[in-house]
Amino acid sequence: MENKIKSAFDEIKAEQELKTATKYLIYEHTHNTRSEKPSSRKMGLSAVAACLAFILCSSFLAYSIPVSAISLDSGNTSVELGVNCFDKVVKITCFDNEEAVTPLNLKNKNYKDAVSVLIKSTENCNDSAVLTVSCKNNKRSNRITEEIRTCHSADTQVQPLCGNQALAKEAHSHGISTGKYSAYLTLKQYEPSLTPEEAAALTMKELRERIAFYENDSKADYENETAVTTSSKHHSESTGKHHGEAHH
Amino acid sequence: MRTEEETNIAIEKYSDVIRRICMLHLKNYADTEDVFQTVFIKYIQSSKVFENDEHEKAWFIRVTINACKDVFKSFFRTKTESLDALESYSNELSTEATDILQIILTLPEKYRRVIYLHFYEGYTAPEIGRILGKNANTVYTLISRAKKLLKSELAGEHNGK
């Protein structure tokens, strides 16, 4: 029986065409497929690499894009700090006194530290610093304003400018900081002929003094007017009384 | 990874072994071609170092049996009708060989495998156990039952004639 089985199986041989087809497939596999078809492991690695690259790029973008701006005007120093979502200074735009700001190395510092350094550097100019915080997000703008207020003396004026990106753009197009441009717009109400270029030549102190002058003036006018109205009222009332008494 | 040259040598050396295993499991020439391709692509991609020719041959037998099992597992294969295993074999066979092979092919798959490995390749029960991943005692049982079945089938055929 064993011999019969052996001789039967002996007759089974692989067909020549089967061998040739397999050899051809191996040839194709070694010459073409190996280079064309990447292995699943390689594909997995490239997918991981792509994910890492995406994460790195998005982190870099998130870090480098400023989401809020803090402008500081004091004496002849006028500078605007671009702050990213991690509260780091990523952009510095000097509108005036660049030579004093550049050596301070404010880039990549926390905005609170950067503002402190800036305020310290302008202490000698006998002019209190005016800080303007502009940001799309109201909450963020108020938070930054509050944090700066708590860190610095009452002399330092901090004003939030929420959601006014157009104002910041306009200010930059005229080559002045957002804070200064905002002061210019206030002054323009009283001096309609004032140009942004003229405002740029003035210091923040001068701008504020002029505004204060007009505001005090109008306040005095208002007070006078109110006083006049009140006195005339009193006068008419008292006259009326007198007239009534006379009738009686 | 192996070279094309090494693989071509292996094709010449082990094609007959693989063809016989395919004949025992598959009833379709296209499936045989697929198994050939699968086995030799696995070989070229493998970096396994074989101790000797016997070790390499055992590897080929094990991989071929697994590839044949995979063909049966595939959804498409379960939904298609197959031709007769010997019909798909294109070379001429003697009447005696056809008769005995047809008897072997009527037996359940588990017996066909041990008949080939024990009676033709000359493997012992423990060796077959290692190749098929089965207990040696189970293989002993399979061999003795296969022998019995074959004898009775052969006797039946002889009486019929």
Side-chain angles (χ1 to χ4, degrees), chain A residues 1-65 84-86 90 108, chain B residues 1-12 14-24 29 32-41 43-45 85-86 88-104 115-116 118-122 146-147 150-151 153-155:
Chain A
M1 188 181 73
E2 279 180 39
N3 288 338
K4 274 185 184 176
I5 293 169
K6 268 194 176 178
S7 56
F9 275 117
D10 265 337
E11 285 187 35
I12 301 287
K13 298 228 185 287
E15 294 89 340
Q16 194 51 49
E17 62 202 68
L18 190 60
K19 287 186 199 173
T20 316
T22 313
K23 279 180 186 172
Y24 180 70
L25 180 101
I26 296 298
Y27 170 82
E28 269 197 331
H29 182 82
T30 47
H31 289 85
N32 309 318
T33 333
R34 203 182 281 177
S35 54
E36 275 172 18
K37 204 176 170 184
S39 69
S40 54
R41 195 179 165 184
K42 270 185 188 169
M43 278 172 78
L45 277 174
S46 46
V48 170
C51 284
L52 275 174
F54 175 75
I55 292 165
L56 276 173
C57 283
S58 44
S59 323
F60 177 74
L61 275 176
Y63 190 87
S64 58
I65 294 173
N84 69 7
C85 56
F86 306 107
V90 284
N108 299 318
Chain B
M1 286 288 273
R2 289 188 164 81
T3 61
E4 188 192 344
E5 209 181 338
E6 281 176 297
T7 314
N8 284 341
I9 293 168
I11 290 172
E12 287 299 333
Y14 300 108
S15 277
D16 292 344
V17 176
I18 297 167
R19 185 66 183 95
R20 285 173 198 129
I21 298 168
C22 286
M23 190 269 296
L24 289 172
Y29 185 74
T32 305
E33 273 185 322
D34 286 349
V35 169
F36 258 74
Q37 291 174 5
T38 309
V39 171
F40 286 106
I41 283 176
Y43 179 75
I44 201 167
Q45 286 176 339
L86 289 178
S88 77
Y89 186 70
S90 55
N91 293 346
E92 282 285 310
L93 291 175
S94 66
T95 329
E96 207 180 8
T98 312
D99 290 345
I100 193 117
L101 289 172
Q102 263 171 350
I103 291 170
I104 294 170
I115 287 169
Y116 171 72
H118 181 70
F119 295 111
Y120 185 76
E121 294 292 350
K147 253 185 194 175
L150 257 182
K151 268 182 187 170
E153 288 288 332
L154 281 170

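Numbered from 1 within each chain, the chains take letters A, B, ... in sequence-line order.
Shortest non-hydrogen contact noted between A:K4 and B:I100 is CB-CD1, 3.8 Å. Contact between B:E4 and A:Y27 at its shortest, heavy atoms only, is OE2-CD1, 3.4 Å. A:H29 and B:I41 make their closest contact through CE1-CG2, 4.1 Å (heavy atoms, listed as atom of the first residue, atom of the second, distance). In this structure, A:E17 and B:Y29 approach most closely via the heavy-atom pair CG-OH, 3.4 Å.
For a residue to count as touching a neighbouring chain, one of its non-hydrogen atoms must lie under 4.5 Å from one of that chain's; by this rule B:Q45 touches chain A with the side chain only. If you measure heavy-atom distances from B:T7 to chain A, the contacts under 4.5 Å come from the side chain alone. Looking at B:I104, only its side chain comes within 4.5 Å of chain A, counting heavy atoms on both sides. When heavy atoms are compared at a cutoff of 4.5 Å, A:N3 does not approach chain B at all.
Side chains of B:Y43 and A:I26 form no contact here, defined as non-hydrogen atoms less than 4.5 Å apart. The shortest side-chain heavy-atom distance between A:T22 and B:V39 does not fall under the 4.5 Å cut-off.
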Could you walk me through whether B:F36 and A:L18 pass the side-chain contact (heavy atoms from CB on, under 4.5 Å) check?
CA-CA 8 Å; B:F36 258 74; A:L18 190 60; 3.3 Å; yes
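Judged by distance alone, the side chains of A:S7 and B:E96 never bring a donor and an acceptor atom under 3.5 Å apart.
Under a 3.5 Å cut-off, the side chain of B:D16 and the backbone N or O of A:A14 do form a donor-acceptor pair. The backbone N or O of A:I12 lies less than 3.5 Å from a partner atom in the side chain of B:R20, making a donor-acceptor pair.
Atom CZ of B:R2 is separated from atom OG1 of A:T30 by 14.5 Å, given to the nearest 0.5 angstrom. Going from atom CD of A:E15 over to atom OG of B:S15 covers 10.0 Å, rounded to the nearest 0.5 Å. The line from CD of A:E2 to CZ of B:F119 is 5.0 Å long, rounded to the nearest 0.5 Å.
B:E12 is linked by a salt bridge (Lys or Arg N to Asp or Glu O under 4.0 Å) to A:K19, A:K23, counting only residues two or more places apart in sequence or in another chain.
Aromatic ring pairs are classed by plane angle as parallel below 30°, tilted from 30° to 60° and perpendicular above 60°; the pair A:F9 and B:Y116 is perpendicular.
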